[in-house]
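Accompanying notes for the structure given below.
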Number of protein chains: 4
Amino acid sequence: MSLNALKQKKPEKYRAILEAAIRVFARKGFYNARVSEIAREAGVADGTIYLYFQNKDDILISLFEEGMKTVIETVREAVSRTNDPLEKLRCFARAHLALIENDKDMAEVIQVELRQSTKFMKEYKNDKFFEYLDIIGEIVREGQAKGMIRADVEPGVVKRALFGALDEMSRFWVLSSKRKYSINTAAEQISEFFIRGIAA
Amino acid sequence: MSLNALKQKKPEKYRAILEAAIRVFARKGFYNARVSEIAREAGVADGTIYLYFQNKDDILISLFEEGMKTVIETVREAVSRTNDPLEKLRCFARAHLALIENDKDMAEVIQVELRQSTKFMKEYKNDKFFEYLDIIGEIVREGQAKGMIRADVEPGVVKRALFGALDEMSRFWVLSSKRKYSINTAAEQISEFFIRGIAA
Amino acid sequence: MSLNALKQKKPEKYRAILEAAIRVFARKGFYNARVSEIAREAGVADGTIYLYFQNKDDILISLFEEGMKTVIETVREAVSRTNDPLEKLRCFARAHLALIENDKDMAEVIQVELRQSTKFMKEYKNDKFFEYLDIIGEIVREGQAKGMIRADVEPGVVKRALFGALDEMSRFWVLSSKRKYSINTAAEQISEFFIRGIAA
Amino acid sequence: MSLNALKQKKPEKYRAILEAAIRVFARKGFYNARVSEIAREAGVADGTIYLYFQNKDDILISLFEEGMKTVIETVREAVSRTNDPLEKLRCFARAHLALIENDKDMAEVIQVELRQSTKFMKEYKNDKFFEYLDIIGEIVREGQAKGMIRADVEPGVVKRALFGALDEMSRFWVLSSKRKYSINTAAEQISEFFIRGIAA
DNA sequence: TATGAATGAGAATTCATTCAT
DNA sequence: CATGAATGAATTCTCATTCAT
């Protein structure tokens, strides 16, 4: 895509816009965010946005894809530290929630996008998200191959259930101000439920 | 709310608008839905919408509250059929996913709203949703009292994790056309994971 | 006009609407007044208004014509108490300002209408107002015939100037809360200026 | 006001919109004027209006303030040509009516605004108008100090009465097509009435 | 490249008026 | 006569996007 070439030209500006967009989308939501507000927050002119992105939707998509790339890398790395599939699930949960904690705005934006079912989930083939989900799927299949996870467990259900559990927990985290327990507690508990739940 | 009084006057029209709104919101998403399209679909004039609802937001809120009322009633009823707390969780999962299957449009709209973090989750105190979540919380506390669920399990984590797991599963259901396994399989598997995961 | 017949049928309702309209127009101005607010204030249904008036404009016109009829009668009566044309001018000023003082809402509405140049002054032939203005014109011509008012004085200028002076004074009266001098002082001063100004 | 800064950027466009607004408001009245008509008449897009003005009300307010600034300057200048307070009143009257004659549209709009008692006179502190009125007040006080105007004359009454007289005369001028006497005759007669009326 | 003034399509909402009851 | 729910035309204002500079 021609615009991708531009990303290479002034990467600082591209990043500035993307980071401004994260903040504005997190604050206002995609539909209530104004392109001019993103421009102001990025310190560029309104028109400049369109030198780096095709339109407002494209900002969100790019945001999401860039974000997911980092998330996938980080989580893959965390998971690769152990060979025990059950332990890998724990690592996944910890890494996922740690990412949320480190970048709440990004977390919120990704959640909004993932959930804005209509516009984005319907029109846009969300490969990155499926790739992410399937990290869990792979772990489950590996565990089943090693006989550590019950054979009747559906990897496709586990991946969605675990992701959903972590995601709902993180939404609570992002939106709530008062928190009864730490995000670590949540990570430990949720991975514990799933490990016990699916272990052979 | 003063407008609620009107619901009593011509309940058919109130319901017609609400049901049209469910379909339109499910099809287009809240922000891309046009009030005039809801009116057309409901068979009323644009202005009539405003005799029953304060504004477009109010349609969504009303939709959500009415929907949650039904969901809470149905799930409460399903759960009350057994005394075994672990079994209750299974009933919860089945009932939740059955509701999704029976009214996909409503399911999608509720999910959109729940996730539109910004506008709705931030500004609108979402009591109905917390009430729903806490059905699970109560079951867990009951199970702990009976010694059937481990005491170190956090009810607040379980309720969000289980809800998140079911919800993510149902999003997949709603959005995807091709389905590898039935919604019943998903309900059984997810409740099985959690039951094993938290049982004493 | 067919509607005029209706005025005869339930004169209380006709008057109730008119009086409600005076209050609402005075409070909000014609364009910001809502027909439904007039209806509520009159204690009738929205639709009932249209049994007594053709439309919103017609309420204002009727209001004005009824009001001017009273004003003309009252002022004519006051003026007829003396034979001295100069003294008549003083009576006119006193009566005009007294009317304002007695019915501020009506005064304000009449002023609004008189001044809403465009819609009403252009489209609607304002006979009543000219009749009122010409009470002054007649007095001036009578005074000139009796040699008490200078012959070079233009009655058409005097009538507009005196009316304008009184009207501006009354606007001040209606809109201002703190008043340095009484409305009587104003009446005396203004008539004094004009009497000296035009006397032979 | 922040928008005033914009006036400096493209003053031609600001003026074009203002002048279009004068014509449209004069033709249709404020409430019947359409923003899109002003835009068309100014040769700009609808949205452009909102780069220079906050909303429709703001156009009228700006119009009024700009207009009054000119009026005040012109009249002040005219009045300063003589030292005789009574003669100053004549200059005031001539200058006022000459302004009306030169810019009938503006005159009509200012009158509409001044008289739209409700919306504008009540909510908007009309300093410019009071400043204008008080030019007359100052002249009267000066005349009293010099012993040329009777001491019992209330400057506050004279200023409103003279302004009202001129204003009513000019409304007649603006609205009427057939005119029995020239605007100069009116100016001379009215100033003559007041000069005789208040002279010592 | 970068700007930001200008554009104009588009949408929510209002409210005078009607008419079935 | 009276009602008030329903209508739908009409209008302001917003904001993503463009393009001349």
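Chain A is the first sequence line, chain B the second, and so forth, proteins listed ahead of strands; every chain is numbered from 1.
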* Determine the contact category for C:A33: base if any of its heavy atoms lies under 4.0 Å from a base atom, sugar-phosphate if only primed atoms, P, OP1 or OP2 are that close, otherwise nothing. =>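 Sugar-phosphate: the residue C:A33, judged by heavy atoms under 4.0 Å, touches backbone atoms but no base.
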* Asked: Start at the 5' end of DNA chain F and walk down; is the nucleotide closest to D:S36 or to C:A45 reached first?
  ->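 Upstream on the strand: C:A45.
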What is the distance, to the nearest angstrom, from the [atom1] atom on [X] to the [atom2] atom on [N]?
X	N	atom1	atom2	result
D:N55	E:dT13	CG	P	18 Å
B:Y31	E:dA12	OH	P	12 Å
A:I38	F:dT17	CD1	P	11 Å
C:N32	E:dC15	CG	P	9 Å
D:R40	F:dT12	CZ	P	12 Å
A:D57	F:dT17	CG	P	7 Å
B:F30	E:dA11	CZ	C1'	12 Å
A:K28	F:dA16	NZ	C1'	16 Å

* **N/O (side chain, C:R34) to phosphate O (OP1/OP2, E:dT14) under 4.0 Å** =>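 Answer is no, no contact under 4.0 Å.
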* Does a nitrogen or oxygen in the side chain of B:K13 sit under 4.0 Å from OP1 or OP2 of F:dA5? ->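 For F:dA5, neither OP1 nor OP2 has a side-chain N or O of B:K13 closer than 4.0 Å.
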* Asked: Residues two or more places apart in sequence or in another chain: which of them pass salt bridge (charged side-chain N to carboxylate O under 4.0 Å, His left out) with D:R15?
  ->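 So D:R15 forms a salt bridge (charged side-chain N to carboxylate O under 4.0 Å, His left out) with D:E19, D:E66.
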Suppose we screen for side-chain contact (heavy atoms from CB on, under 4.5 Å). Which residues come up paired with [X], at least two apart in sequence or across chains?
X	answer
A:A39	A:V44, A:D46, A:I49
A:A33	A:V24, A:F25, A:K28
D:R40	D:E37

* Asked: Taking the side chain as C-beta and beyond, is there a heavy-atom pair between A:L60 and A:D57 under 4.5 Å?
  ->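 No. Closest side-chain heavy atoms not under 4.5 Å.
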* Decide yes or no for C:Y14 and C:S62: does some side-chain heavy atom of the first lie under 4.5 Å from some side-chain heavy atom of the second? =>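 Counting from C-beta outward, C:Y14 and C:S62 do come under 4.5 Å.
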* Minimum-distance nucleotide (side-chain atoms of A:L51 versus E:dA2, F:dA16, E:dA6) ->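 In terms of side-chain proximity for A:L51, the closest of E:dA2, F:dA16, E:dA6 is E:dA2.
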* Measure from the side chain of B:Y52, starting at C-beta and using heavy atoms only, and say which of F:dA5, E:dA12, F:dA16 lies closest. =>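 Closest nucleotide among those given: F:dA5.
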* Are a donor atom and an acceptor atom from the side chains of B:N32 and A:Y31 found within less than 3.5 Å of each other? ->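 Yes, side-chain donor-acceptor contact under 3.5 Å.
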Protein and nucleotides 18-21 of chain F: nitrogen or oxygen contacts under 3.5 angstrom:
none

* With Watson-Crick and G-U wobble geometry limited to distances under 3.5 Å, how should the secondary structure of DNA chain E be encoded in dot-bracket form, using | for bases paired to another strand and [ ] for crossing pairs? -> .||||||||||||||||||||
* To do: Considering only NZ, NE, NH1 and NH2 on the basic side and carboxylate oxygens on the acidic side, decide whether C:R27 and C:E41 come within less than 4.0 Å.
  =>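 Salt bridge between C:R27 and C:E41, a charged N being under 4.0 Å from a carboxylate O: yes.
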* Has D:K56 got its NZ or CZ under 6.0 Å from the middle of the six-membered ring of D:F30, at an angle within 45 degrees of the ring axis? ->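 Yes, a cation-pi geometry holds between D:K56 and D:F30.
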